[in-house]
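Written out below as structure tokens is the structure these notes cover.
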Amino acid sequence: MVLASAAPGIFSAGLDILEMYQSTPERCVAFWRALQDAWLNLYGSRLITMAAIEGHSPAGGCLLAMSCDYRVMAEGKFQIGLNETKLGIVAPFWFTDVMLNTIGHRETEKALQLGALYSAQQALSIGLVDKVVPLAEVMPTVEGELKNWLQIPAAARVITKTSMRKAVLDRLRSQKEKDAQFFADFINRDSVQKSLGMYIASLQKKKN
Ligand SMILES: CCCCC/C=C\CCCC/C=C/C(=O)SCCNC(=O)CCNC(=O)[C@H](O)C(C)(C)COP(=O)(O)OP(=O)(O)OC[C@H]1O[C@@H](n2cnc3c(N)ncnc32)[C@H](O)[C@@H]1OP(=O)(O)O
């Protein structure tokens, strides 16, 4: 399975910030449950999963990419990373766990505290992506890599993937409702809503 985007220049802009702003607790819980289930399915997928990152990939977009087995990113102006702290929010533990599994403890600690967004070359240097190529070569590179992975006996690959990812998946599975409730409570704090409001305004201002 290849994750790619139809939006030029944006692999994924992350979670819909407007869903987290001035929403109701019930809607926030439903929103979070949908995200949890999508991620559990992706990270726990038995399929070979590859990200064709042909544009920006902040926050939830970075989570999607990191949750794949292999990442190819376009060189140039695009950025990738978990930038939550810059929005005044905090990357949930399962976002953090996936990043830890991808780039290790030291790089994750720096990346998360700073809310760092990396260029493709920087992402390559810390192991956040596996390959950087010109934009037009992203999809052909992914397809070529996929052919390599498809040559591995499927049962052996799936058992290996499942065992490598089980602890992280089980950690969320065991506390889904608590995590959803925590998200709804956290996101509706006055200080967090204020930060999100300012961030949304800054996105709109950038456009004008
Ligand atoms: C203690 C533990 C606590 C646990 C739980 C607590 C907290 C929860 C944490 C939740 C985790 C959050 C994850 C996320 O994914 S948050 C979203 C982060 N995303 C971003 O920061 C990206 C913001 N967008 C951009 O930087 C840029 O839009 C861009 C993706 C680089 C693309 O730039 P460009 O091509 O120049 O497009 P525009 O900026 O003009 O954007 C076009 C329109 O799209 C709107 N937009 C963009 N991103 C989002 C988004 N994520 N959500 C909603 N809307 C978005 C943008 O405002 C423009 O709208 P307009 O056309 O109506 O003006």
Side-chain angles (χ1 to χ4, degrees), residues 3-25 27-40 42-43 51-68 73-100 102 108-109 111-120 122-123 128 135 168 171-172 174-208:
L3 294 195
S5 169
I10 303 176
F11 172 72
S12 162
L15 306 189
D16 186 345
I17 299 170
L18 302 180
E19 277 292 333
M20 298 187 278
Y21 186 60
Q22 297 182 340
S23 182
T24 62
R27 194 173 167 99
C28 285
V29 167
F31 174 69
W32 203 248
R33 282 189 191 132
L35 177 69
Q36 289 173 330
D37 288 339
W39 176 75
L40 287 168
L42 176 62
Y43 200 59
I53 310 166
E54 296 170 305
H56 292 292
S57 190
C62 179
L63 177 75
L64 283 181
M66 290 191 298
S67 300
C68 291
M73 185 164 176
E75 63 189 23
K77 61 180 181 176
F78 305 127
Q79 293 189 309
I80 183 168
L82 292 183
N83 61 329
E84 277 82 351
T85 52
K86 287 205 174 114
L87 286 70
I89 55 181
V90 180
F93 69 86
W94 40 288
F95 286 46
T96 304
D97 284 347
V98 178
M99 188 171 248
L100 280 169
T102 309
T108 298
E109 197 177 314
L112 291 182
Q113 289 195 49
L114 294 170
L117 286 170
Y118 300 97
S119 69
Q122 289 168 331
L128 187 53
L135 180 62
V168 167
R171 189 162 175 224
L172 176 60
S174 68
Q175 47 187 313
K176 276 178 79 180
E177 281 314 305
K178 190 173 150 201
D179 179 60
Q181 201 54 58
F182 188 84
F183 166 74
D185 292 345
F186 179 89
I187 214 73
N188 283 306
R189 286 183 195 175
D190 287 345
S191 60
V192 175
Q193 285 294 305
K194 194 173 163 199
S195 292
L196 284 177
M198 285 162 55
Y199 188 70
I200 291 166
S202 75
L203 282 178
Q204 287 163 350
K205 197 171 158 195
K206 186 191 87 179
K207 208 176 165 189
N208 297 325

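Just follow the structure's listing: the first ligand is 1, and inside any ligand the first atom is 1. For clarity, every value in this text was computed on a predicted model and none was experimentally measured.
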Is the closest heavy atom of [X] to ligand 1 under 4.0 Å?
X: Pro58; value: yes
X: Phe93; value: no
X: Met20; value: yes

Close N or O approach ([X], ligand 1; < 3.5 Å):
X: Asn83; result: yes
X: Phe186; result: no
X: Ile17; result: yes
X: Tyr199; result: yes

Would you mind finding which of Ala180, Ala59, Gly14 brings a heavy atom closest to atom 18 (C) of ligand 1? Ala59
From the options Ile10, Leu15, Asp179, select the one whose nearest heavy atom is closest to atom 50 (C) of ligand 1. Leu15
Student check: side-chain heavy atoms of [X] and [Y] closer than 4.5 Å:
X: Leu18; Y: Ile200; value: yes
X: Gln175; Y: Phe93; value: yes
X: Phe186; Y: Val90; value: yes

Could you give all pairs that pass the side chain to side chain donor-acceptor pair (under 3.5 Å) test and reach residues 27-39, with sequence neighbours left out? Glu19-Arg27, Trp32-Asp179, Arg33-Glu177, Gln36-Asp179, Asp37-Lys176, Trp39-Ser67
What distance separates Gln79 CD from Ile53 CD1, expressed to the nearest 0.5 Å? 13.0 Å
Need the ligand 1 atom indices (1-based, order shown) with element for anything under 4.0 Å from a heavy-atom of [X].
X: Ile89; result: 9 (C), 10 (C), 12 (C)
X: Glu84; result: 11 (C), 12 (C), 13 (C)
X: Gly60; result: 13 (C), 14 (C), 15 (O)

Using side-chain contact (heavy atoms from CB on, under 4.5 Å) as the criterion, list what pairs up with Ala59, not counting sequence neighbours. Asn83, Glu84
Tell me if a side-chain donor or acceptor on Ser195 pairs with a main-chain N or O of Ile89 at a distance below 3.5 Å. no
May I ask you to decide if Ile10's main-chain N or O and His56's side chain share a donor-acceptor pair within less than 3.5 Å? no
